[in-house]
Amino acid sequence: MATIPTEPIGSIPRPAYLQQAMQAYTKAEISSDDLARLFSQATRETIISLEGTGSPVISDGEQSKPSFATYPIHGLLNLGSEGVVIPFEDGHTRQLPVLTSGPFRYRNFAVGYLREARKHTALPVKQAVISASAMSLLYPVAGIDGYPQSQFIADLLDQAEADIRKCLNERAYNVQIDFTEARLALKLDPSQGLLQQFISLNNQVLDRFTAEERSRIGIHTCPGGDHDSTHSADVPYQDLLPLFFQLNAGNFYLEYAGEKDKISVLESIRHNIRPGQRVFLGVTDVLNPRIETPEEIRDLLLQAAEYIPLNQLGSTDDCGFSPFADDISTAREIAFEKIRARVEGTKLAEAKL
């Protein structure tokens with residue numbers, strides 16, 4: 001029987017008590033120790049529930065991350081509020097901070113989340129990190145006196161490498177680089193120049209690792225998923241994938257269930273995937289509250305197997321279910337049921353193949 005690996009992307013909706021506690025902390029109504037205790041409790045409960053779905057690989061659900069994108073800089077003092085604005089299709093926006101002075105250093109490394117997760121499970125734990133390209137957006141267009149962009153990029157590459165390497169050294173099952181700005185880059189610059197810059201920057205990080213290490217490093221892309229809205233779903237995958245597969249990583253996690261023209265996506269993957277790369281197709285639509293049946297997921301994978309070699313095929317979720325801490329658009333219970341369906345549907349596809 002063929003084996004199709006299956007993994008979560010990362011974030012799980014936080015329980016209501018944690019959402020309330022995070023809001024209370026911003027109002028100085030609870031202490032940092034109280035919040036840390038609730039972070040640990042939510043992480044443990046999330047991992048127990050993930051184990052209950054049958055998931056062979058676990059994540060911490062990003063319960064204690066402020067967001068998938070800003071965890072490294074949370075708490076830094078050399079940041080301003082007037083950073084890049086990311087518009088979503090429903091009209092809401094997210095705004096990144098902006099660096100006000102150098103040097104650039106991560107305040108928080110993802111290995112801390114990995115260590116906490118490993119306390120609560122004996123199963124393999126994967127760890128998500130943010131891309132160097134996303135962090136590059138922190139540097140202001142006007143520049144910083146005494147801290148040129150070239151020095152910022154050098155510092156950024158060192159920090160991004162350290163973020164990944166620390167997780168690999170702590171025996172992460174694998175490390176997933178969140179590169180959700182890939183399709184957005186094409187929307188902002190259809191000439192592909194911005195995307196090529198992003199890919200070059202991320203490859204400068206990846207090239208610091210050995211081939212064996214890169215086999216445990218993956219890249220995730222999606223059109224954004226926040227409050228059940230996206231920022232770049234109108235950008236065709238056919239425009240992205242020829243460049244996307246130039247990234248020197250072993251695993252590629254692609255939003256797929258939410259795509260309307262799935263055959264064209266599969267054809268583009270078949271045309272662009274390179275030997276030694278594995279594609280984890282998203283088979284659960286995280287923006288749709290309807291829970292897929294295992295049979296639906298089985299059929300998605302059986303169809304994909306007609307285009308992607310079995311030894312290069314895996315399954316995952318389209319995106320994280322709650323990549324920003326304040327996103328409550330998806331019920332926690334629905335997320336776990338979708339994951340359960342993915343695990344069971346993948347097994348059904350294995351049995352057929």
Side-chain angles (χ1 to χ4, degrees), residues 10-11 22 25-26 32 62 64-88 92-113 127-167 175-189 193-208 219-221 224 226 231-232 247 320 323-327:
S11 67
M22 293 169 75
Y25 180 72
T26 63
S32 58
E62 299 188 331
S64 56
K65 278 186 180 179
S67 85
F68 79 101
T70 59
Y71 71 88
I73 57 174
H74 185 64
L76 282 182
L77 300 179
N78 57 336
L79 297 175
S81 59
E82 302 301 317
V84 173
V85 176
I86 301 173
F88 285 78
H92 87 277
T93 62
R94 292 282 183 182
Q95 186 170 26
L96 295 174
V98 64
L99 195 67
T100 57
S101 64
F104 177 67
R105 299 288 187 271
Y106 281 18
R107 188 172 188 270
N108 311 291
F109 288 93
V111 70
Y113 307 112
Q127 182 58 55
V129 302
I130 191 60
S131 66
S133 52
M135 289 290 95
S136 72
L137 298 173
L138 299 176
Y139 193 82
V141 174
I144 298 174
D145 289 341
Y147 190 57
Q149 188 174 27
S150 58
Q151 185 58 55
F152 164 74
I153 293 298
D155 291 340
L156 169 59
L157 293 175
D158 288 343
Q159 297 297 289
E161 176 194 358
D163 205 23
I164 297 170
R165 194 170 297 284
K166 287 174 183 289
C167 294
V175 176
Q176 171 190 292
I177 300 173
D178 287 328
F179 185 25
T180 63
E181 68 277 14
R183 282 170 89 168
L184 181 61
L186 285 175
K187 187 170 186 175
L188 297 175
D189 178 15
L194 181 59
L195 177 59
Q196 288 174 335
Q197 290 177 30
F198 282 172
I199 287 176
S200 174
L201 190 63
N202 291 327
N203 268 340
Q204 289 180 66
V205 176
L206 290 165
D207 288 346
R208 297 183 176 200
I219 310 284
H220 167 238
T221 189
D226 184 34
H231 53 54
S232 54
L247 287 158
F324 295 91
D326 61 358
D327 186 357

- Message: Between Leu157 and Arg208, is the side-chain contact (heavy atoms from CB on, under 4.5 Å) condition met? List the steps.
- Response: CA-CA 10 Å; Leu157 293 175; Arg208 297 183 176 200; 3.4 Å; yes
- Query: Under 3.5 Å, is there a donor-acceptor pair between the side chain of Tyr139 and the main chain of Ile153?
  - Reply: no
- Query: Parallel, tilted or perpendicular: which fits the ring planes of Phe104 and Tyr106, with parallel below 30° and perpendicular above 60°?
  - Reply: perpendicular
- Tightest non-hydrogen contact, residues Met135 and Ile73, listed as SD-CG2, 4.3 Å
- Closest non-hydrogen atoms of Val129 and Ala110, given as atom of the first, atom of the second and distance, are CG1-CB, 3.7 Å
- Query: Do Leu79 and Leu99 have side chains that get closer than 4.5 Å, going by heavy atoms?
  - Reply: yes
- Between Glu181 (side chain) and Ala134 (backbone), is there a donor-acceptor pair under 3.5 Å? yes
- Query: Without hydrogens or angle criteria, can the side chains of Gln159 and Asp163 be said to hold a donor-acceptor pair below 3.5 Å?
  - Reply: no
- side chain to side chain donor-acceptor pair (under 3.5 Å) assessment of Tyr147 paired with Asn78: CA-CA 13 Å; Tyr147 190 57; Asn78 57 336; over 6 Å; no
- Query: Counting distance only, does the side-chain N/O of Asn202 pair as donor-acceptor with the main-chain N or O of Phe198 below 3.5 Å?
  - Reply: yes
- Quick check: does any side chain N or O of Asp178 sit under 3.5 Å from a backbone N or O of Ala128, one acting as donor and the other as acceptor? no
- Task: For the residue pair Val111 and Cys167, establish whether any side-chain heavy-atom pair is separated by less than 4.5 Å.
- Result: yes
- Query: Minimum heavy-atom separation for Asp189 to Leu194, with atom names?
  - Reply: OD2-N, 2.9 Å
- So, do Leu138 and Leu156 sit near enough that their side-chain heavy atoms are less than 4.5 Å apart? no
- Message: Does this structure show an ion pair linking Arg165 with Asp158, if we count only N-O contacts that are shorter than 4.0 Å?
- Response: no
- Does atom OH of Tyr25 have more than 12 heavy-atom neighbours from other groups under 6.0 Å away? no
- Please tell me if the side chains of His220 and Thr180 come closer than 4.5 Å, counting only heavy atoms from C-beta onward. yes
- Query: Between the side chain of Ser200 and the main-chain N/O of Gln197, is any donor-acceptor distance below 3.5 Å?
  - Reply: no
- Minimum heavy-atom distance between Tyr71 and Asn108, given as atom pair plus value: O-ND2, 2.8 Å
- Message: Rounded at 0.5 Å granularity, tell me how far OG in Ser67 sits from CG in Leu96.
- Response: 8.0 Å
- Task: Find the distance between CD (Glu62) and CD (Gln127) and round it off to the nearest 0.5 Å.
- Result: 7.5 Å
- With side chains defined as the heavy atoms from C-beta onward, is the minimum distance between Leu247 and Ile177 less than 4.5 Å? no
- Query: Which heavy atom in Ala182 sits nearest to a heavy atom in Leu195, and how many Å separate them?
  - Reply: O-CD1, 3.7 Å
- Nearest non-hydrogen partners of Ser133 and Phe179, listed with the distance: OG-CE1, 3.3 Å
